[in-house]
Amino acid sequence: MSFKDTGLSEDKPGVGRGFDRLGIVLWTLQAGPVIVLAALVIVFVLIAPNFLTTRNLQNLIAQSAIVCALGLGEFVVILVRGVDVSVGSVIALSTVVVSVATGIDDPSSGAQIVLFPLVGLVVGLFNGLLIVKGRIPQPLVVTVATLGIANGAALLVSGGDTRTGMSAVVNWAGNGHVAGAPVSALFVLGLLGLLWVLLRKTQWGRWLYAVGGNPDVAQWLGLPRDRLIISAYAICGTTAGFAGLLYAGRTGAASPLAGLGYELDAITAVIIGGASLFGGRGSVVNVLFGALIIGVIGNGLQHLDVSSFWAPVAIGSIIIVALEMDVARKWVETRIRVRQARRQQA
Amino acid sequence: MISNPRLAPNPEEAPLLSVRNARKSYGLVTALAGAELSVRRGEIVALLGDNGAGKSTLIKAISGIVVLDEGDVELSGHKLNLRSPGDARAHGIETVFQDLAVFDNLTVAENFSIGRERVSPRWLGPLGFLSTRNDTASWIEHAQQLTVKNVSPQQEIGLMSGGQRQAVAVARAVAFASSVIILDEPTAALGVRESEEILNLVKRLPDRGLGVIIVSHNMDHVVRVAHRAVVMRGGRTVGGMVVTPGIERELVAMIMGAR
Ligand SMILES: Nc1ncnc2c1ncn2[C@@H]1O[C@H](COP(=O)(O)OP(=O)(O)OP(=O)(O)O)[C@@H](O)[C@H]1O
Ligand SMILES: [Mg+2]
């Protein structure tokens with residue numbers, strides 16, 4: 001799991017043998033998120049004295065963990081050329097449903113742990129089925145609708161009230177520490193590992209990349225295109241449910257307004273993590289770096305004598321840089337292809 | 001350039017694949033209006049016709065991508081129920097599509113084995129684990145027999161030239177076809193040298209006992225490789241003839257509807 005792991009094959013970039021300039025440019029573009037994160041950390045360590053305290057770092061990591069959990073599933077959806085803006089509302093809906101379903105009389109219930117991802121899975125399947133079987137090829141519109149429905153459902157189920165009290169396990173997952181490391185972060189690393197194995201090591205994962213690369217060809221060659229796309233949304237909903245678990249654990253409460261606006265952070269994390277909106281590209285590992293970049297900017301600015309309103313401006317700028325890097329990568333690849341063709345003729 | 005003497009299969013022999021009365025409409029557009037086509041084992045049939053004649057649609061019907069409104073596809077006398085590309089593949093029918101059918105974001109070896117990856121343990125189905133070594137070995141084994149050279153199995157295919165990518169698509173179809181192989185304008189996007197390589201490969205396909213259907217707009221190519229030509233116009237089959245050197249003009253006339 002290194003940052004070099006941005007394409008599909010093990011030894012990347014496959015630009016023939018030896019070091020050549022275009023190959024190095026391509027490699028740098030692929031390593032972009034790590035370089036940006038490292039640069040940001042160095043800057044804040046140098047200019048913000050309170051940045052590098054254990055407490056602050058724990059805070060930063062726990063905050064980023066929720067965005068990262070959302071981003072992991074979002075990555076799979078973006079990989080297959082979709083988008084899911086309903087993930088924030090899954091946080092609200094899952095906390096509320098779990099709280100009402102299991103009740104606060106029995107806050108020790110381990111069933112809560114299972115219920116969170118289950119609520120997310122249902123919402124994800126709903127999205128996937130609508131887009132594929134309902135033949136609405138605009139995932140943005142479909143998931144905006146779902147966002148509204150899920151938010152409304154959360155308000156209806158909760159009666160608009162915030163209820164405190166989550167089971168001990170959920171609180172531990174959102175707030176606990178193991179050897180100084182936030183449990184939520186370890187939890188998200190586990191999720192990341194699982195998804196990485198699914199995407200890189202299994203046949204289903206390779207097919208997800210294939211569908212993202214070219215959905216028509218995937219269908220012509222007999223891959224189960226519809227089921228692959230539905231599964232991507234199901235995975236996305238499920239990880240959003242896990243994000244709901246961490247959120248509920250962190251706040252110790254169920255709120256119909258939880259996770260409001262988090263979908264933007266999730267999508268941002270995926271994009272600045274270098275996934276291509278053209279589909280079929282990127283590594284789920286880079287979502288971690290994307291989420292950390294967002295976290296570091298927000299957190300770092302708090303330690304400086306500047307308005308926190310600068311954070312969205314900074315993050316927006318980084319999105320644009322990331323998108324330009326994606327365009328640049330395409331350009332470099334075209335150059336490599338042309339050169340390859342010329343070599344072939346020679 | 002005169003072609004090698006080729007032994008056309010006995011015209012009395014029953015066809016390996018035959019399509020009868022194929023009809024397909026897209027709303028008001030009629031793509032196929034009763035097209036007919038057949039190919040024998042060891043025979044190369046050129047499918048000709050002007051733009052929009054319905055060639056690709058007919059081919060997609062045989063490949064299970066387009067489901068016909070009416071008409072039958074038979075293989076060795078048995079009617080096929082083609083509902084998906086998987087059905088056609090299961091019967092040993094492989095297709096090289098007109099639009100480059102490769103995944104630019106996957107490597108050569110991954111493109112080669114896509115949909116047929118060997119996984120372990122088997123009972124996990126598509127959640128089973130891949131073996132990069134398996135894909136690579138299977139690519140190398142087949143690439144050796146074909147004309148594809150200087151292509152590293154680990155190379156991302158999006159970084160390769162059009163000819164190399166087409167060669168991989170052809171290699172994939174050749175490796176897995178066991179009854180019929182269909183090539184829809186395989187040389188359209190290629191340079192002279194790359195076209196030569198593909199044509200030489202096509203000429204050798206009958207030796208494997210395959211029925212070959214090739215679509216081309218290039219009469220020179222047709223005359224060099226095909227045993228027989230079938231001409232389509234307006235979604236119908238309007239004629240067919242045995243291909244002999246010097247027949248180009250006649251074919252062109254038939255395609256344009258001058259006779
Ligand atoms: N998916 C589709 N939807 C609507 N019309 C279609 C579709 N596919 C094909 N057609 C129409 O059907 C007709 C036949 O198209 P087809 O692609 O089979 O022709 P072709 O002989 O392969 O042409 P070319 O030589 O240009 O490849 C055309 O008029 C085309 O516009
Ligand atoms: Mg065509």
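Note on naming: letters A, B, ... go to the chains in the order of the sequence lines (proteins, then strands), and numbering restarts at 1 for each one.
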Exercise. What are the residues of residues 213-237 of chain A, in order of number, with any heavy atom under 4.5 angstrom from a heavy atom of chain B?
Worked result: Gly213(A), Asn214(A), Val217(A), Ala218(A), Gln219(A), Trp220(A), Leu221(A), Gly222(A), Leu223(A)
Problem set entry | Neighbourhood of chain B inside residues 123-133 of chain A, taking heavy atoms under 4.5 Å as contact | none
Problem set entry | For Asp104(B) against Arg281(A), the heavy-atom pair lying closest together | O-NH2, 3.8 Å
Exercise. If you tally heavy-atom pairs under 4.5 Å against chain A, which of Gly115(B), Gly86(B), Ser63(B), Ala88(B) wins?
Worked result: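 Of the candidates given, the most pairs with chain A belong to Gly115(B).
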For this session: Sort out for me which of Asn111(B), Val102(B), Asp87(B) touches chain A most, counting heavy-atom pairs under 4.5 Å.
Result: Val102(B)
Exercise. Knowing that exactly one of Arg116(B), Arg118(B), Glu117(B) qualifies, which makes a side-chain contact (heavy atoms from CB on, under 4.5 Å) with Gln203(A)?
Worked result: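 Running side-chain contact (heavy atoms from CB on, under 4.5 Å) over Arg116(B), Arg118(B), Glu117(B) with Gln203(A) returns exactly one hit, Glu117(B).
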Given that the side chain runs from C-beta out, which part of [X] has a heavy atom under 4.5 Å from chain A: side chain, backbone, both or neither?
X: Phe129(B); value: both
X: Ser120(B); value: neither
X: Ile65(B); value: side chain
X: Asp99(B); value: both

State the [atom1]-[atom2] distance between [X] and [Y], to the nearest 0.5 angstrom.
X: Leu106(B); Y: Arg206(A); atom1: CG; atom2: CZ; value: 7.0 Å
X: Trp207(A); Y: Leu130(B); atom1: CH2; atom2: CG; value: 9.5 Å
X: Leu127(B); Y: Lys201(A); atom1: CG; atom2: NZ; value: 15.5 Å

Exercise. Would you say Arg20(B) has more than 12 foreign heavy atoms packed within less than 6.0 Å of its CZ?
Worked result: no
